[in-house]
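One structure below.
Computation of the quantities below employed the complete heavy-atom set of this structure, encompassing side-chain atoms and omitting hydrogens, waters and symmetry-equivalent molecules. Chain A is the first sequence line, chain B the second, and so forth, proteins listed ahead of strands; every chain is numbered from 1.
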Amino acid sequence: MGIKINALKCTNCMACEMVCSYHRDDGFAFLSACIVAYRAREKKDYFGVLLKEEDVLIVARPEGLEINKIGEEADPDKEADASAKPMLLREGCDFCEDMDDYGPMCVAFCPVDAITLD
Amino acid sequence: MEYLSTDKILVIDLNAAQVEEEELLESLVEEKIGGIGIAKYLYEKYENDDPIVIGTGLLTGTTYPASAAGGITAKSPVTGSVCHCPVIYKLGVEIKYSGFDYIVVKGRSDSPVYLWIHDGVADISDASDVWGKDVWESTDELRKFVGDDLLQTMLIGPAGENGSDYAQVCYNHWSSPDRFGFGKLFGAKNLKGLAFRGMGLIEVAEPEDYVERSLEILKQVKENSFLEKKGLGQILTALGEEGVSDWIDPVTHRHSADYFTPYASNTALFLDEDPGLLEESKKEEPGVLVSDIYALLGFKNVGLSVKDAGHALKACAKYGIDPFAVAQLSGKTTLEEIKDSFDSINGEITIPGSGLFTPWCPTGPIFNDFNLSGKDEIMAWWERRQAVSMIFGIQPMFSLMCPELTEENMLELASLGTDLELTQEILDAVIDDILG
């Protein structure tokens with residue numbers, strides 16, 4: 001099982017980020033999410049989704065998926081997003097294993113079905 | 001107020017350069033629920049100090065669909081009455097998570113200031129470095145100063161500083177629903193604006209039930225076929241403006257949504273870049289994000305090309321002036337003339353109904369008919385729908401699209417979230433108080 005992200009369908013609404021953090025905190029927050037809508041390139045209208053799994057950071061960009069092994073040196077040609085650094089400190093995706101009624105919360109709550117189960 | 005709340009009201013006295021905090025009492029929520037219900041109460045409490053009240057709805061920033069909105073309540077220089085302007089994009093949510101449910105700004109500062117509000121802390125900061133700069137420069141500078149590209153701002157540009165009647169409070173780099181000249185009010189207070197960032201936690205009384213019901217409602221919402229559409233061109237088409245989608249298609253880049261809002265109502269136009277570009281543009285300012293359907297239509301109707309209309313919208317956002325007022329009142333028909341007219345915009349625009357809510361929102365249903373008929377019934381529904389949206393914090397454009405977002409389920413979620421018994425009778429009384 002894996003999380004599949006279609007960055008071109010994503011509308012950058014942050015629902016995934018909210019419900020992921022809820023799953024960790026039992027309250028509403030954004031701080032603990034292992035999936036975030038990256039949105040720091042606002043003037044360029046460039047956005048997508050970052051997902052931290054146990055060993056990898058998945059960057060779902062509009063132009064395609066990028067999978068970075070955590071601990072490896074980043075591509076010097078690509079500027080890091082402001083969202084990426086705190087992500088590395090967070091727990092990796094556990095597919096919301098404790099949320100029996102839902103499955104992964106980001107999948108259940110994505111309003112545009114940009115996040116699905118593979 | 002323990003739940004769905006930060007429990008705090010911030011009161012900023014610009015005369016005395018003082019910041020105070022008040023507790024948000026549960027009894028006030030039981031009486032006024034939230035959003036503009038409480039903002040109006042706070043406005044009246046501090047009325048002698050010409051306050052601006054910035055607030056969030058009771059459900060803002062939660063899992064209730066489209067719980068994106070906040071609001072600005074103040075006396076409008078345009079109408080002379082107290083009006084309510086929605087706070088959209090991701091800004092409404094950031095306000096709540098920055099640590100305050102409501103912010104009252106009263107008095108006038110001796111020198112330009114901005115308010116830096118983050119993680120439950122508020123500072124009155126010197127704005128001399130950004131005073132005189134446009135909205136884009138100011139937002140960029142504050143983000144650089146704080147070192148956080150996700151800082152959310154509510155700022156004025158030169159129009160507000162110069163006292164233009166149609167000066168607009170802009171959100172980040174973009175135009176806002178402000179048709180009330182609130183930017184002039186900010187400028188008169190020597191207030192460049194506010195900057196928000198927060199990592200707070202909002203507690204919920206019954207979190208599992210709240211989230212479960214949110215998902216049930218979201219699933220009902222997703223049954224709507226209009227959710228196959230995106231962007232403001234489709235909204236205008238649904239409102240009978242058939243040619244707009246084709247007109248903007250050649251410069252349309254992508255559509256984005258406000259927080260947790262299922263319809264992407266913001267459309268990015270690429271003006272100096274290939275609109276089909278998927279990679280990040282190497283240009284600093286490739287285009288403009290548009291949420292104001294009537295401003296876009298206004299520039300189309302004066303005869304601008306879509307690229308020039310985009311450039312006009314961008315220039316308005318930088319200058320901090322209401323682009324709809326510019327399109328309606330400038331009397332100009334070329335981009336350069338329009339850009340040169342910003343300091344001389346005057347005249348009247350029509351604020352519908354009782355004048356409380358912004359005609360940035362269409363004054364009727366979108367995509368669905370809500371079983372309404374007749375002009376009077378539609379206007380009464382629209383005003384009530386706007387009031388309800390701004391009490392609970394629902395994106396006000398989306399609430400005009402989506403019948404599944406009902407007063408009943410907003411009250412149900414509010415009660416689940418707060419452990420208070422919030423009834424239809426209370427909501428009716430709050431709406432009556434707002435509508436007068």
Side-chain angles (χ1 to χ4, degrees), chain A residues 7-33 36-48 61-64 77-86 96 98-103 105 107-114, chain B residues 4 61-63 65-66 68 90 93 96-97 136 139-140 143 148-150 172-174 198-204 207-208 210-212 214-215 218 221-222 227 230 253-264 266 268-270 273 277-289:
Chain A
L8 285 176
K9 275 182 98 173
C10 172
T11 58
N12 203 235
C13 79
M14 299 171 65
C16 53
E17 198 171 333
M18 165 53 70
V19 293
C20 181
S21 205
Y22 165 78
H23 145 67
R24 307 248 184 230
D25 295 327
D26 288 335
F28 295 137
F30 296 95
L31 200 53
S32 308
V36 304
Y38 68 82
R39 55 196 171 100
R41 312 286 205 279
E42 190 179 346
K43 278 196 292 186
K44 300 183 177 189
D45 193 47
Y46 184 73
F47 57 84
R61 302 177 186 274
E63 66 270 34
D77 292 334
K78 292 216 163 147
E79 192 185 345
D81 189 274
S83 317
K85 191 176 172 187
C96 298
D98 56 333
M99 308 297 283
D100 295 337
D101 297 337
Y102 298 98
M105 297 286 278
V107 175
F109 277 84
C110 179
V112 294
D113 298 328
Chain B
L4 296 188
T62 69
T63 50
K90 278 84 177 175
V93 175
K96 188 174 261 190
Y97 285 89
W136 289 36
T139 293
D140 290 346
R143 285 180 173 176
D148 190 340
D149 287 336
L150 299 180
N172 293 349
H173 300 94
W174 317 120
M199 299 288 184
L201 175 77
I202 304 295
E203 303 274 3
V204 196
E208 290 177 12
Y210 189 103
V211 169
E212 184 182 339
S214 295
L215 184 57
L218 179 63
V221 168
K222 286 172 74 172
L227 289 177
K230 282 182 182 175
H253 178 234
R254 290 179 81 183
H255 311 286
S256 58
D258 293 354
Y259 168 77
F260 224 131
T261 301
Y263 188 85
N266 309 310
L269 307 181
F270 267 12
E273 180 61 275
L277 182 74
L278 293 180
E279 292 83 9
E280 181 179 349
S281 174
K282 296 205 169 11
K283 295 184 177 166
E284 279 302 309
E285 299 180 3
V288 63
L289 187 71

Inset, instruction - Please flag which part of B:Thr261 lies under 4.5 Å from any non-hydrogen atom of chain A: side chain, backbone, both or neither. - result: backbone
Inset, instruction - For chain A, find which of B:Asn172, B:Leu215, B:Val93, B:Thr62 contributes the most heavy-atom pairs closer than 4.5 angstrom. - result: B:Leu215
Legend entry - Most contacts with chain A, counted as non-hydrogen pairs under 4.5 angstrom, among B:Glu285, B:Glu203, B:His253: B:His253
Inset, instruction - Find out whether A:Leu31 and B:Leu201 are in side-chain contact, i.e. whether some heavy atom of one side chain is under 4.5 Å from a heavy atom of the other. - result: no
Inset, instruction - Output all residues satisfying salt bridge (charged side-chain N to carboxylate O under 4.0 Å, His left out) with A:Glu42, sequence neighbours left out; order by chain, then residue number. - result: B:Arg143
Legend entry - Nearest heavy-atom neighbours spanning B:Pro262 and A:Val112: O-CG1, 3.8 Å
Legend entry - Any donor-acceptor N/O pair, A:Lys44 side chain to B:Ser281 backbone, under 3.5 Å: yes
Legend entry - Main-chain N/O of B:Lys90 paired with A:Arg39 side-chain donor or acceptor, under 3.5 Å: no
Legend entry - Nearest heavy atoms of A:Met105 and B:Val211, plus distance in Å: CE-CG1, 3.8 Å
Inset, instruction - With a 4.5 angstrom heavy-atom cut-off, could you sort out which part of A:Asp26 is near chain B: side chain, backbone, both or neither? - result: backbone
Inset, instruction - For residues A:Phe28 and B:Tyr210, establish whether the separation of their ring centroids is below 6.0 Å. - result: yes
Legend entry - For B:Phe260 against A:Met18, the heavy-atom pair lying closest together: CE1-CG, 4.2 Å
Inset, instruction - Can you see which heavy atom on A:Leu8 is nearest to which on B:Lys230, and at what distance? - result: O-NZ, 4.0 Å
Inset, instruction - May I ask you to check whether over 12 heavy atoms, not counting those of B:Glu208, lie within 6.0 Å of atom CD? - result: no
Inset, instruction - Give, as side chain, backbone, both or neither, the part of A:Cys16 having an atom under 4.5 angstrom from any heavy atom of chain B. - result: neither
Inset, instruction - Check whether B:Leu4 gets within reach of chain A through its side chain, its backbone, both or neither, counting any heavy atom under 4.5 Å. - result: side chain
Inset, instruction - Please flag which part of B:Glu212 lies under 4.5 Å from any non-hydrogen atom of chain A: side chain, backbone, both or neither. - result: both
Legend entry - Rounded distance (nearest 0.5 Å) linking atom CG of B:Leu277 with atom OH of A:Tyr46: 9.0 Å
Inset, instruction - Sequence neighbours left out, what passes side chain to side chain donor-acceptor pair (under 3.5 Å) with B:Ser256? Give chain and number order. - result: none
Legend entry - Distance, nearest 0.5 Å, that separates CD1 of B:Ile202 from CZ of A:Phe30: 9.5 Å
Legend entry - Structural part of B:Leu227 lying under 4.5 Å from a heavy atom of chain A: neither
Inset, instruction - Let me know if B:Tyr97 has heavy atoms under 4.5 Å from chain A in its side chain, its backbone, both or neither. - result: side chain
Legend entry - Max heavy-atom pair count under 4.5 Å with chain A, selected residue of B:Lys283, B:Arg254, B:His255: B:Arg254
Legend entry - Side chain, backbone, both or neither of B:His173 within contact of chain A (heavy atoms, under 4.5 Å): both
Legend entry - Nearest heavy atoms of A:Cys13 and B:Ala257, plus distance in Å: CB-CB, 4.1 Å
Legend entry - chain A contact via B:Asp140 - which portion, at a heavy-atom distance below 4.5 Å: side chain
Inset, instruction - Answer with side chain, backbone, both or neither: which region of A:Tyr22 has an atom nearer than 4.5 Å to a non-hydrogen atom of chain B? - result: side chain
Legend entry - Least distance between heavy atoms, A:Thr11 atom then B:Ala264 atom: CG2-CB, 3.7 Å
